[in-house]
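Working notes, structure below.
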Amino acid sequence: MKPLIAIVVPAYNEMKNIPALVEKLDEVLENSKYEFRYVFVDDGSKDGTAFTLKALAEKHRKVFYILLSRNFGKDEALKAGVDACHDAVAVITMDADLQHPPRLIPEMIANWEEGNDIVYAYRKEANPHTSFAHKIYSKWFYKLANMLSEVQLEQGISDFRLMDKKVVDNLISIEESGLFLRGLVKWVGYEQKGIEYMPDERFSGDTAYSKIALLKLAIKGMTAFSVKPLYLAVFLGFFFSLASLLYIPYVIISLIMKFSVSGWPSIICTIVFLGGLQLIILGIIGIYIGKIFIEVKGRPQYIIKTSNLDIQQKL
Ligand code: UDP
Ligand code: MG
């Protein structure tokens, strides 16, 4: 029997893309020395994704589906798929919209066979298919995330990657909420290798990520891996205490010299500025407390509605 490689694809409203992806995968993976299994995770889609998957699974022996009970988010959907693939020698994760070109898979497998445990695809240049604002945003996200976090992410790293079974086993054992897989996979360690790629255009439909969703993702990425933002409060506190120390001699001198009391603008500026600062820092602390709150409840990362794979969900 050939060793099994699983391809895990999270799908949210991807009804039109899935058949095209399956076709492309079949084309690229034909005559391989591995057996392939395509595991689609329907992340609570509102179009006919679940129906499409069920129909496809009936006539295509490689297609398997996991339907989540609602929309849990891409990372959770990916985790649900990966969790169901403990019997594979390697797991590949990719998007359903054909932005991650299947033609890269043989190259990933070759790199894995050379001894790399994680082979990930990354964009060297900005994605030409996204807007200018998105490019700037993406660039600054990686800069800031790397500055703040203990885990270093490469610019343009994606969720298109191959993971060896030992990495998969480690991921399966991770039960934290607020999953940020891009960071987690880096954090796991082992031999990692990046291969360059240029994302294709989305085959059909629109991106599921609005500006707000991207901002949330950025905050999640930063706070999931680091408590460094909390130091911000301490540093800023020191800075302003020192600054005010410089101001006090001036106040004393002005008292002795009987300057006029024209301090109203400076008072207002200080109050507004410090008020804003306090709100930012309270917000940061709040995010972490929120994370603790969610974590202590120990809820499952996702809930499976049905699947044609044999899965036992830990509940
Ligand atoms: N996705 C998902 N759940 C979500 C949002 C997205 O499973 O809540 C999937 C989506 O179907 C696709 C992948 O994640 O396969 C990437 O999503 P998208 O193409 O919208 O993101 P972008 O390419 O803009 O980063
Ligand atoms: Mg996409």
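Order of appearance sets the numbers: ligands from 1, and atoms from 1 within every ligand. This one's a predicted model, so the numbers in the text were calculated from it and none came from an experiment.
Exactly one of D169, L171, V119 qualifies for a side-chain contact (heavy atoms from CB on, under 4.5 Å) with M163. That residue is L171.
Residues satisfying the ring-ring contact (aromatic ring centres under 6.0 Å, His included) criterion with F160, sequence neighbours excluded, are H100. By the ring-ring contact (aromatic ring centres under 6.0 Å, His included) test, Y34 is found to be paired with W112, residues two or more places apart in sequence or in another chain being considered.
Heavy-atom contacts from other residues, nucleotides or ligands closer than 6.0 Å to CD of E191 number 12 or fewer. Heavy-atom neighbours of E23 CD from other residues, nucleotides or ligands within 6.0 Å: at or below the threshold of 12.
Using a 4.5 Å cut-off on side-chain heavy atoms (C-beta onward), F72 and I303 make contact. Looking at D26 and Y38, their side chains come closer than 4.5 Å, going by heavy atoms from C-beta outward.
With waters left out, the protein N, O or S atoms under 2.8 Å from the Mg ion (ligand 2) add up to 2.
Ion pair D159/R161 flagged as a salt bridge, since at least one NZ, NE, NH1 or NH2 atom sits closer than 4.0 Å to an Asp/Glu carboxylate oxygen. For the pair D200 and K24, the salt-bridge criterion is not met [side-chain N within less than 4.0 Å of a carboxylate O].
Listed as neighbours of ligand 1 are P10, A11, Y12, E14, D43, N71, G73, K74, D95, A96, D97, Q99, R202, T207, A208, Y209, each bearing a heavy atom under 4.0 Å from the ligand.
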